[in-house]
Number of protein chains: 2
Amino acid sequence: MYVTQRVVPDATVVRLPLYLRALVDIAAAGEVTVSSDDLAEAAGVTSAKVRKDLSYLGSYGTRGVGYDVAYLIHQIRRELGLTQDWPVAIVGLGNLGHALARYRGFGERGFRVAALLDADPAKLGERVEGVEVLHIERLADLVRDEGIAIGVIAAPAVAAQEVADLMVDAGIRSILNFAPVVLTVPDGVTLRKVDLATELQVLAFYEQRNGVRAATSRS
Amino acid sequence: MYVTQRVVPDATVVRLPLYLRALVDIAAAGEVTVSSDDLAEAAGVTSAKVRKDLSYLGSYGTRGVGYDVAYLIHQIRRELGLTQDWPVAIVGLGNLGHALARYRGFGERGFRVAALLDADPAKLGERVEGVEVLHIERLADLVRDEGIAIGVIAAPAVAAQEVADLMVDAGIRSILNFAPVVLTVPDGVTLRKVDLATELQVLAFYEQRNGVRAATSRS
DNA sequence: CAATGTGAAGACCTTCACAGCC
DNA sequence: GGCTGTGAAGGTCTTCACATTG
């Protein structure tokens, strides 16, 4: 058992998907190499940040030339673990769960919606994009049979912690939570959250601050 | 009055909604005062962070006692600009746009969905939660008539920049973008983004880095 | 005595600026 | 000459630790 040593900073990790998307666009435009300046522009960051971030992955650029687009795409995919398919389970098929189940962006990026689960008997049996909605108690089976490693919580806030516990018990170690509630998970489980109302509240703060009097912008 | 220039750090701003939600729960549980320790636990952060964050708003606590829950809720609401209602426009009524339009969490937190817009004639006229879907060209009128200050982009990636431009032209200065693309807006416009596929890619990174333990039977 | 409020220290992240290499 | 890769500097955020206060 070895302790994982951080090589890539967290701040860099969240930008890698951004670079990846920009690079895919650049490749589609027929470019073979790209400079840190151009990639920075496409990703909406500074060129110093691009160079620093990419330097954590290794020395994949060529001085005086730039980065080989196809090679860099490959390296970032490898670093993000996107050379394999990740089966995902979505729990909770209300409005948001349905939208997520139908979202094409997941499949396009290698995340296959392998299971849809709900606790409400009225929702069972329905098919969304060809995947049948099963009862939540089937989760552990599906994790084992489908190799599910990532769970998405789209359940109501009151049920979210219970769903998280079930996911952890079933062996899931990566959870994306959309419920507006603070979840507790054991060490070794990675938890990220997307909080829609919070995003609007943060916008309201800056709107109010800027609205009172013209001020500097944030982005 | 405002002799001191009070600057709330960005990192603190994004936590204020978290504290607010925790405080509302605590108030509902009948608690009158709360310590930084308890609030930290409820919000999933450290108590030092809570005290530091709240100190940017002013000295609202009482040493030896804690914070008055109702008063703190009021102060955070005021700081976030949540003492007023914020009319929101959602542009793009695909899967995600529909889900957002039906999401109750917005209304509960003072964000009223005042307008639904799309460019696709096939979608016009439909009503979601009582709000009619109108053509995107009506945006400027609605911003003026409804006082819309916040725009939500749920349009396809290829249309997102165009939508952002229309929003800016219409006078919107706060934008929440769900399209997986980098947007450019002028100074003075606040832009935040929610990128669903990116969240999963970040999870995949940590899932991979934490080592593929033999917990699942992937072939 | 309990718990806040806050300087100071430390960790982390960003930006600068330029040496090094193609 | 052009552009990467990276130490160093500069900022921002977090954590510590304790003086201060009710």
Side-chain angles (χ1 to χ4, degrees), chain A residues 4-19 22-23 26 31-73 75-76 79 202 205-206 216-219, chain B residues 4-19 22-23 26 31-73 75-76 79 202 205-206:
Chain A
T4 50
Q5 210 172 38
R6 173 176 302 152
V7 176
V8 183
D10 291 349
T12 295
V13 172
V14 305
R15 281 190 295 267
L16 290 180
L18 211 62
Y19 298 149
L23 286 164
I26 288 166
E31 301 293 327
V32 175
T33 63
V34 65
S35 67
S36 59
D37 260 323
D38 292 347
L39 180 50
E41 161 118 40
V45 300
T46 66
S47 62
K49 222 177 234 176
V50 168
R51 290 198 301 278
K52 195 66 145 179
D53 284 340
L54 296 183
S55 76
Y56 293 117
L57 309 191
S59 291
Y60 296 143
T62 306
R63 290 165 202 245
V65 178
Y67 301 87
D68 183 277
V69 176
Y71 186 59
L72 194 51
I73 287 175
Q75 290 301 338
I76 293 179
E79 193 72 32
V202 172
F205 172 85
Y206 290 113
T216 54
S217 71
R218 307 261 154 187
S219 55
Chain B
T4 322
Q5 190 185 0
R6 233 175 23 195
V7 178
V8 182
D10 292 349
T12 296
V13 172
V14 305
R15 281 189 297 267
L16 290 180
L18 212 61
Y19 299 149
L23 285 165
I26 288 166
E31 301 294 327
V32 175
T33 62
V34 67
S35 67
S36 59
D37 260 324
D38 293 346
L39 180 50
E41 161 118 38
V45 301
T46 67
S47 62
K49 222 178 233 177
V50 166
R51 291 198 301 279
K52 196 65 145 179
D53 284 341
L54 296 182
S55 77
Y56 293 117
L57 311 189
S59 290
Y60 296 142
T62 305
R63 288 166 203 248
V65 179
Y67 302 88
D68 182 278
V69 176
Y71 186 59
L72 194 51
I73 287 175
Q75 290 301 338
I76 293 179
E79 194 72 31
V202 172
F205 171 86
Y206 290 111

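Excluded from the calculations below are hydrogen atoms, water molecules and symmetry mates; all remaining heavy atoms, backbone and side chain alike, are included. Chain identifiers are assigned alphabetically (A, B, ...) following the order of the sequence lines, protein sequences preceding nucleic acid strands; residue numbering begins at 1 within each chain. The structure presented is a predicted model; accordingly, all values stated were derived computationally and were not measured.
The nearest whole Å value for the distance from the CG atom in Asp10(A) to the P atom in dT14(D) is 13 Å. In this structure, Tyr56(B) places its OH atom 10 Å from P of dT6(C), rounding to the nearest Å. Rounded to a whole Å, the CG atom of Asp68(A) is 15 Å from the C1' atom of dC3(D). Residue Tyr71(A) contributes atom OH, which lies 15 Å from atom C1' of dT4(D) at whole-angstrom precision. Rounded to an integer number of Å, the gap from Asp53(B) CG to dT6(C) P is 13 Å. The CG atom of Leu72(B) sits 16 Å away from the P atom of dA3(C) (whole-angstrom rounding). One interatomic measurement links the two molecules: CD of Gln75(B) to P of dG5(C), which rounds to 12 Å at whole-angstrom precision. Atom pair Asp37(B):CG and dC16(D):P shows a separation of 13 Å (rounding to whole Å applied).
In terms of position along DNA chain C, the nucleotide closest to Ser55(B) lies nearer the 5' end than the nucleotide closest to the other residue of the pair Thr62(A) and Ser55(B). Two residues, Gly64(B) and Leu54(A), neighbour DNA chain D, and the one matched to the more 5' nucleotide by heavy-atom proximity is Leu54(A).
Of the listed nucleotides (dG5(D), dC16(C), dG5(C)), dG5(D) has the atom at the smallest distance from the side chain of Arg51(A). Of the candidates dG5(C), dA8(D), dG2(D), dG5(C) carries the atom nearest the Tyr67(B) side chain, counting heavy atoms from C-beta on. With dG5(C), dT14(C), dC13(D) as the candidates, the nucleotide lying closest to the side chain of Pro9(B) is dC13(D).
Distances shown here put a side-chain N or O of Ser36(B) below 4.0 Å from the OP1 or OP2 atom of dT4(C). Taking 4.0 angstrom as the limit, Lys49(A) places a side-chain polar atom (N or O) nearer than this to OP1 or OP2 of dT15(C). When the side-chain nitrogen and oxygen atoms of Thr46(B) are compared with OP1 and OP2 of dT15(D), one or more of them lie within a distance under 4.0 Å. OP1 or OP2 of dT6(D) has not a single side-chain nitrogen or oxygen of Arg63(A) nearer than 4.0 Å. Remark: Lys52(A) is not in phosphate contact with dT6(D), judged by side-chain N or O atoms under 4.0 Å from OP1 or OP2.
Environment of CD in Glu41(A): sparse, with no more than 12 heavy atoms of neighbouring residues, nucleotides or ligands closer than 6.0 Å.
Rounding to the nearest 0.5 Å gives a distance of 5.0 Å between CD of Glu79(A) and CG of Leu57(A).
Side-chain atoms of Asp38(B) and Tyr67(B) form no donor-acceptor pair, as typed in the model, at a separation below 3.5 Å.
By the 4.5 Å heavy-atom criterion applied to side chains, Leu72(B) and Ile76(B) are counted as neighbours.
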Item checked: From CA spacing to verdict: side chain to side chain contact (heavy atoms under 4.5 Å, CB included), Val202(A), Asp10(B) -> CA-CA 9 Å; Val202(A) 172; Asp10(B) 292 349; over 6 Å; no
